[in-house]
Amino acid sequence: MPVIESNELTKTYGRLPAINNLSFNIKENKITGLIGRNGAGKTTLLKTIAGFLKPTSGKIKVFSENPFNSLKVSANLIFIDDNMNLALPSLLRLVDILESAGRFYPNWDRELATRLFDYFDFDPRQRHRSLSKGMRSTFNMIIGLSARCALTILDEPTTGMDAAVRKDFYKALLKDYIAYPRTIIVSSHLLSEIEDVLEDILLLKDGEKCVHLPVSELKELAVGLRGRVNIINELARGRQVYYSETFGKDSIYIVVKNEFTEAALQSARLAGVEITPVAVDDLSVYLTARSKGGIDNVFKRN
């Protein structure tokens with residue numbers, strides 16, 4: 001049974017669709033990366049899943065229920081984002097916030113929260129509003145992990161963190177997930193940093209589903225080909241090209257859907273074609289681009 005079921009989900013603001021006819025399922029005990037450019041609809045989708053927003057049309061079910069005003073969803077879900085400071089009492093000290101969270105979340109791990117709190121060197125007397133942006137994100141992460149909710153939503157959780165803290169965060173996330181599996185959705189622009197943590201990727205483009213695949217399948221979706229224009233064009237004939245870039249007068253690089261047989265790839269190598277894998281981070285950029293040539297097209301003259 002999927003934890004999240006979305007069927008032709010649409011959410012508009014005025015006449016502009018933030019989410020457009022979006023259908024997908026997310027199964028239990030998976031870490032899914034929600035990836036997309038700014039304005040792709042990631043936060044709107046997450047807030048709709050959490051029951052903060054009502055869909056304009058279509059259906060969304062979480063734990064088999066409409067999440068909007070659902071006690072079952074609220075009791076089994078935590079939503080971590082950069083705006084938590086607006087929801088947390090400004091007069092409470094950090095240690096008081098952790099104590100309150102322990103009373104609210106039935107699966108709260110007080111020992112984990114305390115160890116993470118000490119590891120990241122927080123002062124118990126500090127107040128949430130006095131923290132720097134990076135420290136605030138780190139404290140929010142402690143709540144998100146220690147709550148151990150059946151559905152944990154992390155919307156850009158590492159905002160403001162430095163590189164070392166981001167690494168620690170993702171290590172902690174993976175270790176705790178392995179020990180206590182649950183459904184986790186992580187929205188992030190830094191796909192290269194979280195690729196090894198994710199099992200599935202849901203890629204959005206302009207509010208629509210671009211791909212929803214296991215990371216292992218996305219890694220094999222495309223292949224990079226570089227060589228003479230006439231040879232590459234022949235190889236690309238009838239195939240889906242995700243990206244192309246020319247070099248000089250007679251050389252071109254393309255990223256194309258990988259539907260080649262091993263014999264075809266070997267033949268291409270013998271013809272002088274350089275064949276390379278495509279990083280998942282790069283492929284996500286190509287899939288969500290509005291043109292296949294990127295910024296280079298801006299500087300082309302007819």
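Residue numbers count from 1 along this sequence.
- Screening residues 3-22 for salt bridge (charged side-chain N to carboxylate O under 4.0 Å, His left out) gives no qualifying pairs among residues at least two apart or on separate chains.
- For the salt bridge (charged side-chain N to carboxylate O under 4.0 Å, His left out) condition, the pairs that include at least one residue of residues 178-194, sequence neighbours left out, are R166-E193, D176-R182.
- In this structure, the side chain of R37 engages the main chain of V285 through a donor-acceptor pair within 3.5 Å.
- Both L94 and L145 belong to a common hydrophobic cluster when Ile, Leu, Val, Met, Phe, Trp and Tyr are linked at side-chain heavy-atom distances under 4.5 angstrom.
- Not counting sequence neighbours, the partners of E156 by the side chain to side chain donor-acceptor pair (under 3.5 Å) test are H189.
- In plain terms, the two heavy atoms of P157 and S187 that are nearest each other are CD-O, 3.5 Å.
- Looking at D109 and Y180, their side chains never bring a donor and an acceptor atom within 3.5 Å of each other.
- A donor-acceptor pair under 3.5 Å is absent between the side-chain atoms of T44 and the main chain of G41, judged by distance alone.
- S70 contributes a side-chain N or O that, together with a main-chain N or O of V73, makes up a donor-acceptor pair within less than 3.5 Å.
- F63 is listed as a side-chain neighbour of V3, based on a closest heavy-atom distance under 4.5 Å.
- A donor-acceptor contact shorter than 3.5 Å is absent between the side chain of K42 and the backbone of L34.
- Annotation: side chain to side chain donor-acceptor pair (under 3.5 Å) contacts of Y177 (sequence neighbours excluded): E199.
- The minimum heavy-atom distance between A236 and V241, with the atom names listed, is CB-CG2, 4.0 Å.
- Counting only distance, with no hydrogens or angles, the side chain of N107 and the backbone of R148 share a donor-acceptor pair below 3.5 Å.
- Both L154 and F120 are assigned to one and the same hydrophobic cluster, defined by single-linkage of ILVMFWY side chains at heavy-atom distances under 4.5 Å.
- Applying the side chain to side chain contact (heavy atoms under 4.5 Å, CB included) test between K209 and each of L22, L9, L203 identifies L22 as the sole match.
- Applying the ring-ring contact (aromatic ring centres under 6.0 Å, His included) criterion to F139, with sequence neighbours excluded, gives F122, H128.
- Pairs engaging residues 66-79 under the salt bridge (charged side-chain N to carboxylate O under 4.0 Å, His left out) rule: none recorded [sequence neighbours left out].
- At distances below 3.5 Å, at least one donor-acceptor pair connects side-chain atoms of S137 with backbone N or O atoms of K133.
- When all heavy atoms of K205 and A289 are compared, the pair lying nearest together is NZ-O, 3.0 Å.
- Here the side chain of S267 pairs no donor or acceptor atom with the backbone of A263 at under 3.5 angstrom.
- What you find for I275 and A268 is that their closest heavy atoms are CD1-CB, 4.2 Å.
- Heavy-atom minimum distance, W108 versus L98: CZ2-O, 3.7 Å.
- Counting heavy atoms of neighbouring residues, nucleotides and ligands inside a 6.0 Å radius, atom CG of L71 does not exceed 12 of them.
- Judged purely by atom type and a 3.5 angstrom limit, T48 has no side-chain atom pairing as donor or acceptor with the backbone of P55.
- For S74, there are no side chain to side chain contact (heavy atoms under 4.5 Å, CB included) partners, not counting sequence neighbours.
- The salt bridge (charged side-chain N to carboxylate O under 4.0 Å, His left out) analysis of residues 225-242, with sequence neighbours excluded, yields the pairs R228-D250, E234-R237.
- Residue pairs meeting the side chain to side chain donor-acceptor pair (under 3.5 Å) criterion with at least one member in residues 16-34, sequence neighbours excluded, are N20-E208.
- Listed by first and then second residue, the ring-ring contact (aromatic ring centres under 6.0 Å, His included) pairs involving residues 1-55 are F52-F79 (not counting sequence neighbours).
- Under the side chain to side chain donor-acceptor pair (under 3.5 Å) criterion, E259 pairs with no residue at all, not counting sequence neighbours.
- Qualifying side chain to side chain donor-acceptor pair (under 3.5 Å) partners for S188, counting only residues two or more places apart in sequence or in other chains: none.
- Cluster annotation: I184 is connected to M141 through the hydrophobic network of ILVMFWY side chains, with a link wherever side-chain heavy atoms come within less than 4.5 Å.
- Nearest heavy atoms, L77 versus I49: CD1-O, 4.3 Å.
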